[in-house]
Amino acid sequence: DAATVFLLTDGNGLWISRDRGDQWSAVADGARAFDPQSNVLALAVAPDDPQEWYVAAFQQNRGRVFVTVDGGATFREIYLTPVERFGVFDVYYDRARRAVIIATGQGGLLESSDRGLTWRVVRWFADGLVRLIVNPANPSVRYVATSRGSLFRTLDGGRMWTEASAWFDTFS
């Protein structure tokens with residue numbers, strides 16, 4: 001829906017506009033799992049169901065991932081970082097596999113194929129992850145950026161990873 005725009009904030013939760021940004025309203029969780037004052041770091045909407053959202057947020061000193069299947073009326077927490085002060089910095093919905101992938105500040109790239117009921121480690125990196133980038137033309141090509149500035153690439157959806165940071169040496 002091209003008219004729907006999301007605003008992720010640092011300390012003011014998640015906002016939505018359904019009219020291309022003319023009017024905004026805070027997303028208020030009727031189940032009260034998702035704190036309206038949280039830092040929202042990433043959002044992924046399931047392409048085949050615009051009511052299903054995955055939200056990465058930092059609240060109560062931990063990274064968390066929430067899912068809503070009713071367009072933000074209620075949320076359920078589906079992931080919590082096991083250690084305080086670590087966040088979940090990115091979330092991606094893999095349309096082909098109907099899976100959610102998250103990048104954590106502890107270095108974990110995790111995947112769930114059942115809306116967050118169970119999680120599988122795709123790869124554990126030595127440094128914290130701050131970004132997951134997926135090629136929209138070829139979703140098997142993915143990159144992760146670490147907190148120390150390294151970049152890793154996979155061409156096969158996450159089975160094999162290579163460090164791509166050496167390419168940075170060509171830049172001043």
Side-chain angles (χ1 to χ4, degrees), residues 5-16 24 26-47 52-69 71-95 97-136 139 141-154 157-158 161 163-165 168:
V5 181
F6 294 95
L7 177 66
L8 290 60
T9 73
D10 185 9
N12 284 311
L14 178 64
W15 291 70
I16 189 168
W24 292 89
V27 175
D29 176 16
R32 297 185 181 207
F34 177 68
D35 183 351
Q37 300 299 309
S38 65
N39 297 340
V40 181
L41 302 170
L43 174 121
V45 177
E52 184 178 342
W53 313 340
Y54 295 87
V55 180
F58 191 80
Q59 65 184 52
Q60 298 170 349
N61 211 25
R62 288 184 191 247
R64 300 164 190 268
V65 179
F66 299 91
V67 63
T68 179
V69 294
T74 59
F75 286 84
R76 178 174 55 90
E77 184 179 276
I78 58 173
Y79 183 81
L80 168 71
T81 57
V83 179
E84 286 188 352
R85 300 177 65 195
F86 284 96
V88 176
F89 291 99
D90 221 334
V91 61
Y92 170 73
Y93 187 88
D94 185 332
R95 169 185 252 163
R97 300 180 57 238
R98 302 191 69 158
V100 179
I101 302 166
I102 61 173
T104 74
Q106 289 178 285
L109 188 65
L110 309 172
E111 174 182 271
S112 175
S113 299
D114 56 11
R115 286 187 172 155
L117 294 175
T118 60
W119 292 91
R120 169 184 85 77
V121 174
V122 174
R123 166 118 187 229
W124 205 268
F125 293 84
D127 297 321
L129 301 180
V130 294
R131 189 81 165 109
L132 168 64
I133 304 160
V134 179
N135 182 337
V141 177
R142 299 173 183 177
Y143 298 86
V144 292
T146 73
S147 58
R148 295 185 186 241
S150 295
L151 184 71
F152 292 85
R153 176 182 68 182
T154 181
W161 291 86
E163 187 168 0
S165 305
F168 297 156

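Quick note: residue numbers are just sequence positions, from 1. Basis for what follows: all heavy atoms, side chains included, without hydrogens, waters or symmetry-related copies.
- Rounded to the nearest 0.5 angstrom, Trp53 CH2 and Leu43 CG are separated by 7.5 Å.
- The backbone N or O of Gly11 lies less than 3.5 Å from a partner atom in the side chain of Asn39, making a donor-acceptor pair.
- For the atom pair CD1 of Ile101 and CZ of Arg142, the computed distance is 4.0 Å after rounding to the nearest 0.5 Å.
- A donor-acceptor contact shorter than 3.5 Å is absent between the side chain of Thr68 and the backbone of Phe75.
- Thr104 is listed as a side-chain neighbour of Leu110, based on a closest heavy-atom distance under 4.5 Å.
- At distances below 3.5 Å, at least one donor-acceptor pair connects side-chain atoms of Ser112 with backbone N or O atoms of Thr118.
- Counting heavy atoms from C-beta on, the side chains of Tyr79 and Val100 never come closer than 4.5 Å.
- Side-chain N or O atoms of Gln59 include none that pairs as donor or acceptor with a backbone N or O of Gly13 at under 3.5 Å.
- Under the ring-ring contact (aromatic ring centres under 6.0 Å, His included) criterion, Phe152 pairs with Phe125, sequence neighbours left out.
- The two atoms that bring Phe58 and Gly63 nearest to each other are CD1-N, 3.6 Å, heavy atoms only.
- Of the possible donor and acceptor atoms, one in the side chain of Arg62 sits under 3.5 Å from a partner among the backbone N and O of Thr81.
- Shortest non-hydrogen contact noted between Pro139 and Pro136 is CD-O, 4.1 Å.
- If you take CD1 on Ile102 and CG on Asp90, they are separated by 10.5 Å, rounding to the nearest 0.5 Å.
- The heavy-atom pair separating Ala56 from Val88 by the smallest distance is CB-O, 3.5 Å.
- Side-chain atoms of Trp119 come within 3.5 Å of backbone N or O of Ile78 as a donor-acceptor pair.
- The residues Arg64 and Asp35 are annotated as not salt-bridged, no charged nitrogen and carboxylate oxygen being separated by less than 4.0 angstrom.
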Please test Val40 against Trp15 for side-chain contact (heavy atoms from CB on, under 4.5 Å), starting from the C-alpha separation and ending with a verdict. CA-CA 10 Å; Val40 181; Trp15 291 70; over 6 Å; no
